[in-house]
Amino acid sequence: MKRLLATLAMALALTGCGYNDFQRLDEQTKSAWSEVLNQYQRRADLVPNIVATVKGEASFEQDTLTQVIEARAKATSIQATPELVNNPEAFNKFQQAQGELTGALSRLMMVSERYPQLQANQAFRDLRVTLEGTENRITVARNQYIESVKQYNVLARSFPSNLTAKVFGYEVKPSFTVQNEAEISNAPKVDFSAPAKPQ
């Protein structure tokens, strides 16, 4: 009888300590992160097709293409696993590499607008639309990951579940951050005045 009461008391204590919630939210976070990785991989798979299509434009800036190729190589060289979210340093390195690829692709798309033949190329237009859709999917997946990390971190930092977090080693997980926070925190300067006329 005492053993049964002790087991029942232990079960009640564990349900109130948040242990099961940690398991559920940890899995939810890993799942959300896997979807982020899935979308990043989708984008990385598009890059060779975009580069091959753009290379067909003989006068296209080779520096821009080289930057895209190098950024893709760097982004795909990092071993991206669900455990990456438990290592803030590796997570930041991965996030930086993905940011570099995003920037390189943005520059490629801006430069490509100066090439009418490229803009007229149906394959390039299709790839561009697919890339834009992929970037939107990345944003949605990142938002879902951010939300799941928020729920997990609130549990890890709230009393009494924070005691369970300490006992079982559930650390706060890193979330996405903005790389250029200082730049984007300043409002853009807009000037609609006419440019000065040359004298």
Side-chain angles (χ1 to χ4, degrees), residues 1-47 68 70-106 131 133-186:
M1 185 69 164
K2 285 183 182 182
R3 184 178 285 176
L4 180 62
L5 287 175
T7 304
L8 185 61
M10 184 103 135
L12 287 173
L14 283 176
T15 58
C17 72
Y19 181 81
N20 290 336
D21 291 333
F22 274 111
Q23 302 311 307
R24 180 179 53 79
L25 291 175
D26 188 47
E27 288 303 317
Q28 182 178 318
T29 303
K30 287 177 183 174
S31 173
W33 177 245
S34 294
E35 182 57 24
V36 171
L37 295 179
N38 182 35
Q39 296 308 323
Y40 278 145
Q41 185 61 51
R42 183 175 195 257
R43 178 175 66 177
D45 292 344
L46 280 172
V47 170
V68 171
E70 289 173 354
R72 179 190 182 270
K74 186 175 179 182
T76 56
S77 70
I78 297 173
Q79 187 72 347
T81 63
E83 288 73 34
L84 185 72
V85 297
N86 297 323
N87 182 340
E89 186 179 317
F91 184 84
N92 286 335
K93 187 177 177 183
F94 178 80
Q95 188 177 344
Q96 262 185 326
Q98 291 298 329
E100 288 175 24
L101 180 56
T102 298
L105 283 169
S106 294
L131 180 62
T134 299
E135 292 296 336
N136 289 336
R137 288 178 180 201
I138 289 171
T139 300
V140 169
R142 284 177 56 152
N143 286 339
Q144 290 172 345
Y145 172 75
I146 289 168
E147 182 58 33
S148 66
V149 165
K150 181 182 93 173
Q151 292 174 16
Y152 176 91
N153 287 346
V154 165
L155 182 67
R157 297 176 69 201
S158 299
F159 183 81
S161 57
N162 65 338
L163 300 175
T164 303
K166 286 182 185 186
V167 169
F168 290 101
Y170 295 118
E171 300 289 329
V172 172
K173 295 184 184 291
S175 191
F176 283 103
T177 58
V178 178
Q179 297 295 324
N180 58 346
E181 187 174 346
E183 291 175 30
I184 64 171
S185 63
N186 296 323

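Small disclaimer: the values here were computed from a predicted structure and weren't measured.
Residues passing the side chain to side chain contact (heavy atoms under 4.5 Å, CB included) test with N87, sequence neighbours excluded: E89, A90. Not counting sequence neighbours, the partners of E147 by the salt bridge (Lys or Arg N to Asp or Glu O under 4.0 Å) test are K150. Applying the side chain to side chain contact (heavy atoms under 4.5 Å, CB included) criterion to N86, with sequence neighbours excluded, gives K173. Every residue was checked against the side chain to side chain donor-acceptor pair (under 3.5 Å) condition with Q144, not counting sequence neighbours, and none meets it. Residues satisfying the ring-ring contact (aromatic ring centres under 6.0 Å, His included) criterion with F94, sequence neighbours excluded, are W33, Y40. For the side chain to side chain contact (heavy atoms under 4.5 Å, CB included) test, residues two or more places apart in sequence or in another chain that qualify with T134 are R42, R43, L46, T130, I138. Residues passing the side chain to side chain contact (heavy atoms under 4.5 Å, CB included) test with E70 are T66, sequence neighbours excluded. In this structure, K93 has no side chain to side chain donor-acceptor pair (under 3.5 Å) partners at least two apart in sequence or on a different chain. E27 is linked by a side chain to side chain donor-acceptor pair (under 3.5 Å) to nothing, counting only residues two or more places apart in sequence or in another chain.
Going from atom OG1 of T102 over to atom CD of E135 covers 5.0 Å, rounded to the nearest 0.5 Å.
Residues S161 and L155 come closest through the heavy atom pair OG-O, 2.5 Å. The shortest heavy-atom contact between V172 and A156 is CG2-CB, 4.4 Å. Nearest approach of Y152 to D26, heavy atoms of both residues: CD1-N, 3.9 Å. The shortest non-hydrogen separation linking A44 to T76 is CB-CG2, 3.7 Å. Taking every heavy atom of both residues into account, R72 and L101 meet most closely at N-CD1, 3.7 Å. Counting all heavy atoms, side chain and backbone alike, S175 lies closest to V149 at CB-CG1, 4.1 Å.
Counting heavy atoms of neighbouring residues, nucleotides and ligands inside a 6.0 Å radius, atom CD of E171 does not exceed 12 of them. For CZ of R24, the number of neighbouring non-hydrogen atoms (other residues, nucleotides, ligands) closer than 6.0 Å is greater than 12.
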I'd like a table of donor-acceptor pairs (distance under 3.5 Å, sequence neighbours excluded) in which one partner is a side-chain atom from residues 162-170, with atom names and distances.
residue, atom, partner, partner atom, Å
T164, OG1, C17, O, 2.6
Y170, OH, Q23, NE2, 2.3

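Each of Q96, E100, Q98 was scored for a side chain to side chain donor-acceptor pair (under 3.5 Å) with K74, with one residue passing: E100.
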